[in-house]
Amino acid sequence: MTADFIRRIFMLGLASLLCACAVSPDFQKPQAPDVQQYTSGTQPTATVASNGAGGVAQNFHDGTDIPAQWWMLFHSPRLDTMVRTALTNNPQIAQAKATLRQASENLIAQTGATRYPQANLQFGSSRQQIDLATLGAPNVPQSGPFNLFNASLNVSYTVDAFGANSRMLEGLQAQVDTQNYELQAVRLTLAGNVVTAAIKQAALYAQISTTEDMLQLQRQQLAIMEQRLIAGGIARLDVENQRTLVAQSSAALPSLKQQFAQVSHQLAVYLGKAPAQADLTPLDLNSLTLPQTLPLSLPSALARQRPDILASEAVLRQASAQVGVASANLYPQLTLSGSAGTEQTHVGDLANSLNVWSIGLQLMQPLFHGGELRAKKRAAVAAYDAAAASYQLTVLQALQQVADTLRALENDAQTLQSRTQAAESATTSLIITQRQYQVGGISHLNLLDAQRQRLQTDLDRITAQAARYADTAALLQALGGGWWNGEKLIPQN
């Protein structure tokens, strides 16, 4: 009879396992954006060209893949070293990796707790005194206190009949995926920040040098004009105007130097070092190579490669799994349990026989919780809707970023073309002025003014040149940075 009872218990548990099913639908990946291009109107396929450094025409190739080390397209060994140093030393990377490990270990722990039976070995001892009269044996001689030792093995398993555990594990796996994509996003953002900061630092250094040269020429002009004022050759208004110009140029220098210091210090932090410890020697802006061919992923592919979009999708999957957990909690929970052990009055007799055992089945069906369980399901559905809206917003913002950078590159190239033409015209004017000065046709003041104008156009060109480099990096970053072509960082369970 006992054997038959045990057999029936296990057959019922086995039947429950075989009939286990999830009470919520499986997660479906969101559809890719149904658009053919990023910008409104005609999407640019190439930019205009101009003479000088950073002036090459850039072509956008649809569907071309992005290299994982996209910053190497600038062909700067020093820039490559800075990015690799940042990816190795920056605390943000270490923090993201630790968070990923934490999520992975939580998944492993919960998998072990729900997918497999739980077994525990228990040992205990106690000293007891039993009053036999209270047990209905008043005429039996009373025994003295005695020791009781017990050892038992307890096993329990909760059958996942309605998918609560599997959905919980699905949600934890989605959390691991989220942290993995967050790590990739941190790496991409950090690399982009290093490149952008290095370009800005190089541009500011060139602007400071050019401004100092221009200020020196303006001071020479002022000295000449002051001499001419004494001689009665010019009006005092002209001298005061020149002094104003010198003061304005002098005032611009501290601001440029402050910006240079700030971006240098920020670059040191990106590299994972204190500002006093880092090598903050700026790049030569003209040493960077502007990529002539830029990969341009299709909008439909963008949602499958940008880490922030993939992280948002993983959050959506986690929310879907929570709906499944809340739905399964409305249904019965079946737990199988069993134990076998021994109880003896002498510890040495514990291994002689198994004289205590039990096996059971527990079925728990929620009946009345004051609406708690259904409210939690509705809350989980609302959380899923919020995650779906957040995902759509993330996709739209990603499309916007690519569209913005495409237009920026188009306009940057046109700006640089105009600035280059202005610089070339100023250079030609300076050459003519120098020849006139050599034959005595003009004064030294006119020569200095031509030199100042040439330096001003150089200053404007530096700004336009740096913008092309920075927006090129912004486009590669907006497209996802090609992280999928590098080492897979998600740990294997």
> Ion pair present between R78 and D279, side-chain N to carboxylate O less than 4.0 angstrom?
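So R78 pairs with D279 through a salt bridge.
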> Looking at E372 and K376, does any basic side-chain N land under 4.0 Å from a carboxylate oxygen?
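The answer is yes: the pair qualifies as a salt bridge.
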> Between T457 (side chain) and R454 (backbone), is there a donor-acceptor pair under 3.5 Å?
yes
> Verify salt bridge (Lys or Arg N to Asp or Glu O under 4.0 Å) between D449 and R452, making sure each step is shown before the conclusion.
CA-CA 5 Å; D449 189 60; R452 181 191 59 78; 2.9 Å; yes
> Side chains of T178 and R317: donor-acceptor distance under 3.5 Å anywhere?
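Note: T178 and R317 side chains miss the donor-acceptor criterion.
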> Between R419 and D460 (salt bridge meaning N to carboxylate O under 4.0 Å), is one present in this structure?
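D460 and R419: salt-bridged.
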> Is it the case that T99 and Q179 place a side-chain donor and acceptor less than 3.5 Å from each other?
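No donor-acceptor contact under 3.5 Å links the two side chains.
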> Side chains of R461 and Q456: any donor to acceptor distance under 3.5 Å?
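No, because no side-chain N or O of Q456 sits under 3.5 Å from a partner of the opposite role on R461.
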> Can you give me the closest heavy-atom contact between N90 and V269, atom names plus distance?
ND2-O, 3.2 Å
> Could you give the distance from CG (L285) to CD (Q207), rounded to the nearest 0.5 Å?
9.0 Å
> Could you check whether any side-chain N or O of Y469 sits under 3.5 Å from a backbone N or O of L288, counting only pairs where one atom can act as donor and the other as acceptor?
yes
> Rounded to the nearest 0.5 Å, what's the gap from CD on Q43 to OG1 on T39? Could you check?
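Reported to 0.5 Å precision, the distance equals 4.5 Å.
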> Name all residues meeting the side-chain hydrogen bond (donor to acceptor under 3.5 Å, both in side chains) criterion together with Q118; count only those two or more places apart in sequence or in a different chain, and write none if there are none.
none
> Considering all heavy atoms of both residues, which atom of L280 and which atom of P275 are nearest to each other, and what is their separation?
CD1-O, 3.8 Å
